[in-house]
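Worksheet for the structure shown next.
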Amino acid sequence: MTITAEPATIASVSLAGEARDPEGFAHALGTSFERFGFAVVSDHGIDSALIARADAAARAFFALPDEVKRRYHVPGTGGARGYTPFGIETAKDATHVDLKEFWHVGRELPEGHRFAQYMQPNLWPDESADFRETQLALFAAFEDTGERLLSAIARHLGLAPDWFDDTVADGNSVLRLLHYPPVSPDAPGIRAGAHEDINTITLLLGAEEAGLQLLDRNGEWLAVAPREGELVVNVGDMLQRLTNNVLRSTTHRVMNPPPERRGFSRYSMPFFLHFRPDFLIETLPSCIDAERPNLYPEPITADQYLWQRLREIKLV
């Protein structure tokens with residue numbers, strides 16, 4: 001594995017290589033996160049047949065009539081579970097709503113769980129017999145892959161490989177099934193306005209359809225173009241805060257398609273991996289020095305930070 005101190009492009013790494021060379025994998029991933037906040041991961045271990053089933057179930061739901069889908073919308077909950085209709089979510093400081101609709105799947109907690117106050121029960125559409133089973137299986141697969149990536153991040157930061165295990169145990173993670181409908185020539189705004197993710201790390205399937213761009217530190221928008229089946233992984237604000245901006249939560253957006261693709265929908269499945277709700281996000285001492293003073297001297301719990309950000313994007 002050849003690694004440069006400052007990669008010219010977003011790193012593309014194979015998770016299969018992590019077992020052979022954990023330090024090299026961690027360095028490649030972490031260096032890309034420091035420079036771009038993004039990396040592309042192949043051989044991620046999420047079964048392609050499961051991905052296909054989850055994608056088909058999501059497409060079938062979004063094809064339902066609007067009045068049917070809206071039965072599963074629960075206003076005032078921040079879109080935490082179930083359906084969020086088209087035209088609600090707005091990027092922070094944006095003037096136009098995003099051109100998308102989505103469904104959220106969260107963690108299934110046993111009765112009496114200590115985090116029950118933080119996580120609402122899932123909703124499931126009556127119109128799909130295997131929706132619940134399929135999406136929960138995908139949730140679990142995403143979580144397994146995410147924990148492997150967090151182990152590499154810990155290595156890159158000089159922490160024990162299992163450092164993040166407790167921080168995300170029973171975390172408030174969310175699987176989002178996303179549909180960007182066809183775009184009319186006079187549509188206001190774009191499919192997803194420029195934003196940063198709230199959570200720890202995001203794992204995204206379905207970015208092969210063009211449109212995803214990140215804002216590089218030189219002010220240029222760079223296209224993120226994974227090959228079919230690859231994961232796009234990016235740093236969220238919670239991890240950026242924990243690492244005192246060593247790892248970057250990079251602004252990104254989803255642009256509208258070119259004229260020849262305006263009549264086509266775009267589907268994707270991001271998994272927002274979160275810390276457990278009561279985890280105190282407190283700057284890592286190893287990420288503070290004379291040249292990088294503590295930018296976040298006031299610790300905040302993951303749940304407090306989540307709700308602060310949900311208000312900013314008008315989901316609550």
*Can you name the residues that form a side chain to side chain donor-acceptor pair (under 3.5 Å) with Glu209, not counting sequence neighbours?*
Arg261

_Which residues share a side chain to side chain donor-acceptor pair (under 3.5 Å) with Arg191, sequence neighbours left out_ = none

*Between Arg81 and His104: side-chain donor-acceptor atoms closer than 3.5 Å*: no

*Aromatic ring pairing Phe115/Tyr118, orientation class (parallel under 30°, perpendicular over 60°, tilted between)*: perpendicular

*Distance-only polar pair, side chains of Asn245 and Tyr296, donor-acceptor under 3.5 Å*: yes

*Locate the shortest heavy-atom distance separating Glu208 from Gly229; write the atom from each residue and the value.*
OE2-N, 2.6 Å

*So, Ser265 and His179: side-chain donor and acceptor under 3.5 Å apart, yes or no?*
yes

_Side-chain donor/acceptor of Asn244 to backbone N/O of Cys287, under 3.5 Å_ = yes

*Taking only residues two or more places apart in sequence or in another chain, which ones pass salt bridge (Lys or Arg N to Asp or Glu O under 4.0 Å) with Arg276?*
Asp166, Asp278

*Using modelled atom types only, decide if a donor and an acceptor are shared between the side chain of Glu230 and the backbone of Arg227 within a distance under 3.5 Å.*
yes

*What pair of heavy atoms forms the shortest contact from Pro277 to Asp170, and how long is it?*
CD-O, 4.0 Å

*Could you tell me which residues satisfy side-chain contact (heavy atoms from CB on, under 4.5 Å) with Arg262, sequence neighbours excluded, listed by chain and number?*
Pro185, Pro257, Pro259

Could you pull out every donor-acceptor pair under 3.5 Å between side chains of residues 68-76 and any protein atom, sequence neighbours left out?
residue, atom, partner, partner atom, Å
Lys69, NZ, Phe62, O, 3.0
Lys69, NZ, Glu101, OE1, 3.0
Lys69, NZ, Glu101, OE2, 3.2
Arg70, NE, Asp66, OD2, 2.8
Tyr72, OH, Asp126, N, 2.9
Tyr72, OH, Glu127, OE1, 2.8
Tyr72, OH, Glu127, OE2, 3.4
His73, ND1, Tyr83, O, 3.0

*Step by step, work out the side chain to side chain contact (heavy atoms under 4.5 Å, CB included) result for Phe33 and Leu239.*
CA-CA 11 Å; Phe33 284 160; Leu239 185 58; 5.8 Å; no

*Selection residues 38-52 - residue pairs positive for side-chain hydrogen bond (donor to acceptor under 3.5 Å, both in side chains), sequence neighbours left out*: Ser14-Asp43

*Got more than 12 heavy atoms from elsewhere within 6.0 Å of CD, Glu260?*
yes

_Linked, directly or transitively: Val254 and Phe272 (ILVMFWY side chains, under 4.5 Å)_ = no

*Distance-minimising heavy-atom pair for His274 and Leu306*: CE1-CD1, 3.8 Å

*asked:* Please give me the minimum heavy-atom distance between Thr167 and Phe164, naming the atom from each residue.
replied: OG1-O, 2.8 Å

*Do any N or O atoms from the side chain of Thr134 and from the backbone of Ala54 form a donor-acceptor pair under 3.5 angstrom?*
no

*Crowded around Glu133 CD? As in, over 12 foreign heavy atoms under 6.0 Å?*
no

*Salt bridge or not for Asp144 and Arg148, using N-O below 4.0 Å?*
no

*Hey, what's the ring geometry for His156 with His27, parallel, tilted or perpendicular (30° and 60° as the breaks)?*
tilted

_Atom pair CZ/OG1 of Arg217 and Thr250 - distance to nearest 0.5 Å_ = 10.0 Å

*asked:* Can you tell me if Glu298 has over 12 outside heavy atoms packed within less than 6.0 Å of its CD?
replied: no

